[in-house]
Amino acid sequence: SAPPMARLASTKPAEDQVIRQHSKQFLASLGFCEIVSYSFISRRAIELLRLGEDDQRQQLLPLRNPLSEDQAVMRTSLIPGMLETAAGNQRQNNFNLRLVELSKVFFPRGKDELPEERFNLCGLLSGMRRPSAWNEPPQTVDFFDVKGAVEALFLGLGVRDVHWTKKDTAPYLNPEVASRIVVADTYLGDVGEIHPSVLESYDLKGPVYLFDIDFDLLMEKAVSLKEFQPLPRFPAVNRDLALVVSNSVAAQDLLDYLE
């Protein structure tokens, strides 16, 4: 008798799956470690972020039978889980952190409707920029490290028309060291240093830097298929331009003026 046979076929992954996997691998190449936090959090975890009353993340979805008060609602942000993970690492004397999570957040739609599920991307940096070495003085991470990681990701995804503004920065960030991320007039998220009061609430030692991005909106701006462009007929000409401005002038303001 013939042995049983079956055909196995694999389907091509969806475009959004490819972009998410590519983003995780790219951030891993920058030294980030992926974490997976609980989808259930406490109400107080959101309150500690100092969000406004009209913020969508305040619209929490309660569970009918929560295991505990610490897991009573579905998360509307990845930030609480990220900060709790960082605090747990610091309690174990691990202060050099590069953490990232790309997972879903949940928002209520109606009484008898399933919640809206959206992918968010959250990353955290703290501690030393590079491991200690005899031939290099120690350097701690700063705002430009976390901003550079976001810029590198956008470049890898083909995202263009990115603007950084200090107007209406997130309340959980230090307003002096923070920026909103805007792509083609669409607000995507925030990047900056965690506010001292939030650090104290989570028992964290700073400075700690974080970015939080609506990844579903980011995927709409990503270029999945890159098109070939013919090489220029003439060689490029590079020019250096040096400007002396006040410390209060933002780099984005200069770029907007030059454009």
Report whether [X] and [Y] are members of the same hydrophobic cluster (ILVMFWY, side-chain heavy atoms less than 4.5 Å apart, transitive linking).
X      : Y      : result
Phe144 : Met128 : no
Leu121 : Leu30  : yes
Leu97  : Val177 : no
Leu102 : Leu125 : yes
Leu67  : Tyr38  : no

From [X] atom [atom1] to [Y] atom [atom2], the distance as rounded to the nearest 0.5 Å:
X      : Y      : atom1 : atom2 : result
Arg109 : Glu116 : CZ    : CD    : 5.5 Å
Leu83  : Leu210 : CG    : CG    : 6.5 Å
Asp216 : Arg118 : CG    : CZ    : 4.5 Å
Cys122 : Ile35  : SG    : CD1   : 7.5 Å
Leu218 : Ile19  : CG    : CD1   : 8.0 Å
Lys147 : Ser179 : NZ    : OG    : 7.0 Å

CA sep, side-chain torsions, deciding dist, call: Asp70, Arg44, salt bridge (charged side-chain N to carboxylate O under 4.0 Å, His left out): CA-CA 8 Å; Asp70 292 336; Arg44 177 165 172 75; over 6 Å; no

Partners passing salt bridge (Lys or Arg N to Asp or Glu O under 4.0 Å) against Asp212 (at least two apart in sequence or in another chain): Arg57

So do the side chains of [X] and [Y] get within less than 4.5 Å of each other, counting heavy atoms only?
X      : Y      : result
Gln59  : Thr76  : no
Ser42  : Glu69  : no
Trp164 : Glu151 : yes
Phe119 : Asp16  : no
Gln71  : Pro66  : no
His195 : Val198 : yes
Met82  : Leu99  : yes
Phe143 : Glu193 : no

[X] and [Y]: which non-hydrogen atoms are nearest, and at how many Å?
X      : Y      : answer
Ser126 : Pro207 : CB-O, 3.9 Å
Leu199 : Gly206 : CD1-CA, 3.8 Å
Arg98  : Gly31  : CB-O, 3.5 Å

Whether Phe32 and Phe211 hold their rings parallel, tilted or perpendicular, with breakpoints at 30° and 60°: perpendicular

Does this structure show an ion pair linking [X] with [Y], if we count only N-O contacts that are shorter than 4.0 Å?
X      : Y      : result
Arg43  : Glu47  : no
Arg75  : Glu101 : yes
Lys221 : Asp161 : no

Give a yes or no on whether the backbone of [Y] and the side-chain of [X] come within a donor-acceptor separation of less than 3.5 Å.
X      : Y      : answer
Asp214 : Asn120 : no
Gln58  : Leu51  : yes
Asn89  : Thr85  : yes
Tyr257 : Gln252 : no
Gln90  : Leu204 : no
Asp145 : Asp142 : yes

Sole residue of Val18, Ile213, Leu153, Val100 in side-chain contact (heavy atoms from CB on, under 4.5 Å) with Ser23: Leu153

Residues that, via side-chain heavy atoms closer than 4.5 angstrom, fall in one hydrophobic cluster with Phe40: Leu61, Leu63, Met74, Phe106

Fellow cluster residues of Phe107, listed by chain then number, with links counted only when side-chain atoms sit under 4.5 Å apart: Leu78, Val105

Within 6.0 Å of [atom1] in [X], more than 12 heavy atoms from elsewhere:
X      : atom1 : result
Arg160 : CZ    : no
Glu34  : CD    : yes
Asn94  : CG    : yes

Trace of the side chain to side chain contact (heavy atoms under 4.5 Å, CB included) decision for Tyr209 with Leu173: CA-CA 9 Å; Tyr209 300 89; Leu173 298 177; over 6 Å; no

Residue pair Leu188, Val182: steps toward the side chain to side chain contact (heavy atoms under 4.5 Å, CB included) verdict: CA-CA 6 Å; Leu188 291 190; Val182 180; over 6 Å; no

Can I get a per-line list of side-chain donor-acceptor pairs under 3.5 Å for residues 233-249, giving both atom names and the distance, sequence neighbours left out?
{"unit_1": "Ser246", "atom_1": "OG", "unit_2": "Ser248", "atom_2": "N", "d": "3.3"}
{"unit_1": "Ser246", "atom_1": "OG", "unit_2": "Ser248", "atom_2": "OG", "d": "3.1"}

Ring-face cation of Arg20 near Phe215 (centre distance under 6.0 Å, axis angle within 45°): no

Pairs meeting criterion side chain to side chain donor-acceptor pair (under 3.5 Å) with involvement of residues 165-175, two or more places apart: none

Stepwise side chain to side chain contact (heavy atoms under 4.5 Å, CB included) test for Val141 and Val146: CA-CA 8 Å; Val141 296; Val146 65; over 6 Å; no

Derivation and outcome, side chain to side chain contact (heavy atoms under 4.5 Å, CB included), residues Ile181 and Phe154: CA-CA 11 Å; Ile181 306 171; Phe154 286 179; 3.6 Å; yes

Residue list, side chain to side chain contact (heavy atoms under 4.5 Å, CB included) with Glu53, at least two apart or on another chain: none

